[in-house]
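So the structure is just underneath, and the comments pick up after that.
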Amino acid sequence: MSEPDTDRTRRADSMPAVSRHAGDGSVPRPPALLRKGFGLVHRLRPERMTSLITPEADLFSVWHLGVPDVSTASWTLTVGGMVTHALTLSLDDVATLPQTEITSVHECAGSPLAPTVPQRRVGNVRWGGVRLTELLSLAGIEKGARYVISTGVDHGVYDGAHHDRYEKDLPLAKALDGSVLVALTVNGEPLPVRRGGPLRLVVPGYYGTNSTKWLDSLTVSDRRSGGAFTTKYYMERPENGMGAPSPVWELAPNSCLVAPVDGAVHVGEAVEIWGWAWAAEPVTSVEVTTDGGRNWNPARVTPRSQHEWQRFTFPWTPATVGEFILACRATTASGATQPATPRRNRIHQRIVFVDQPA
Ligand SMILES: Nc1nc2c(c(=O)[nH]1)N[C@H]1C(S)=C(S)[C@@H](COP(=O)(O)O)O[C@H]1N2
Ligand SMILES: [Mo]
């Protein structure tokens with residue numbers, strides 16, 4: 001690969017009019033890159049997750065291959081494959097379709113090269129755009145279709161191999177459940193480029209990896225995508241290592257402690273232990289321990305709205321000075337809960353030292 005500043009020139013010379021789409025002014029593929037290779041921004045640790053809606057500037061961001069230079073490009077989105085009317089839509093076309101908003105927890109599954117390491121890259125934001133069902137009903141789905149494959153225009157080297165696009169898939173049933181968006185905005189503002197702007201997929205209830213950024217195509221298919229990000233990466237066996245690998249789609253139950261932080265807890269003073277809990281399905285109970293897991297106590301949990309994370313609270317008045325291990329554990333209606341073993345949704349804990357009041 002050439003230097004970043006010469007990249008655009010070289011590409012312009014070597015492939016002046018290459019476009020994957022019909023029509024004028026579509027994004028040249030491959031587009032130049034603003035950044036190359038894997039990147040990550042992650043500043044918001046659980047103790048700072050104090051607001052229901054995470055400000056966009058605080059939300060983590062991940063890219064595997066690079067960040068494409070899309071700021072001045074005119075965009076097209078194609079909808080094709082097993083459809084009766086293939087579509088090629090401009091951004092204006094997308095913006096003039098009925099718009100909707102959904103607030104949803106946004107959680108990264110962590111590195112596909114180290115999938116059991118909890119990263120706690122998570123936030124809760126309001127996405128705006130067109131329902132995927134809207135686009136699919138305009139295109140008309142053919143009989144036998146089972147998946148929707150999405151691609152992003154980013155390209156580059158990940159894990160030692162070159163990938164000419166980022167490609168994901170999701171079951172047609174999920175694509176049609178009404179929650180999935182082709183999004184133009186986050187928290188009411190146009191998507192910043194790093195966030196996937198101008199257009200991205202948002203799959204509420206699924207790990208962030210499925211929400212393809214820089215979205216340029218949707219393909220209805222009777223089979224899964226054969227791409228690396230759906231076959232080699234983000235395919236996992238169950239915790240016991242037995243059985244067939246399955247895609248990293250639905251969010252496993254997870255929760256994190258926001259407060260209290262170390263230094264804020266005093267003997268005989270009431271304090272609120274609180275945090276956020278989420279899963280693909282609603283969380284129905286959260287338990288809190290103040291003794292490192294010997295005893296678990298039911299916390300109060302707010303009911304879920306849309307795909308938001310849910311707040312839990314537990315009042316605590318420590319009676320003695322010393323170190324206490326606090327932790328929380330979320331469970332869903334179907335009984336799925338969080339493990340204590342090294343998994344991406346391992347129980348979150350925090351040690352606090354309880355001192356005498358000043
Ligand atoms: N095109 C494209 N989409 C992508 C990715 C990517 O590398 N390229 N990364 C995925 C992963 S792993 C996550 S966690 C989310 C991150 O979205 P964010 O940067 O808006 O937080 O985007 C997903 N969509
Ligand atoms: Mo991710």
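In this chain, numbering begins with 1 at the start of the sequence shown.
Two rings, from Y166 and H155, have their centers 6.0 Å or more apart.
For A175 against T133, the heavy-atom pair with the smallest separation is O-CG2, 3.8 Å. Heavy atoms only, all atoms of each residue included: P247 and R224 are closest at CG-NH1, 3.5 Å.
A perpendicular orientation is assigned to the rings of F229 and H64, their planes being inclined by more than 60° (bins at 30° and 60°). In this structure, F60 and H106 have parallel ring planes: the angle between them is below the 30° cut-off, well short of the 60° mark. Using a 30° and 60° split on the angle between ring planes, W274 and W276 fall in the perpendicular class, above 60°. Ring geometry for F324 versus W316: interplanar angle over 60°, hence perpendicular rather than tilted (30 to 60°).
For E236, the side chain to side chain donor-acceptor pair (under 3.5 Å) partners at least two apart in sequence or on another chain are R344. For E47, the salt bridge (charged side-chain N to carboxylate O under 4.0 Å, His left out) partners at least two apart in sequence or on another chain are R350. With sequence neighbours excluded, the residues forming a side chain to side chain donor-acceptor pair (under 3.5 Å) with S90 are D93, listed by chain and number.
Among Q338, E287, H348, Q349, the one residue that satisfies the side-chain hydrogen bond (donor to acceptor under 3.5 Å, both in side chains) test with R329 is E287.
Looking at K168, its side chain never comes within 3.5 Å of a backbone N or O of T151 through a donor-acceptor pair.
One finds the CG atom of L59 at 9.5 Å from the CG atom of N124 (value rounded to the nearest 0.5 Å).
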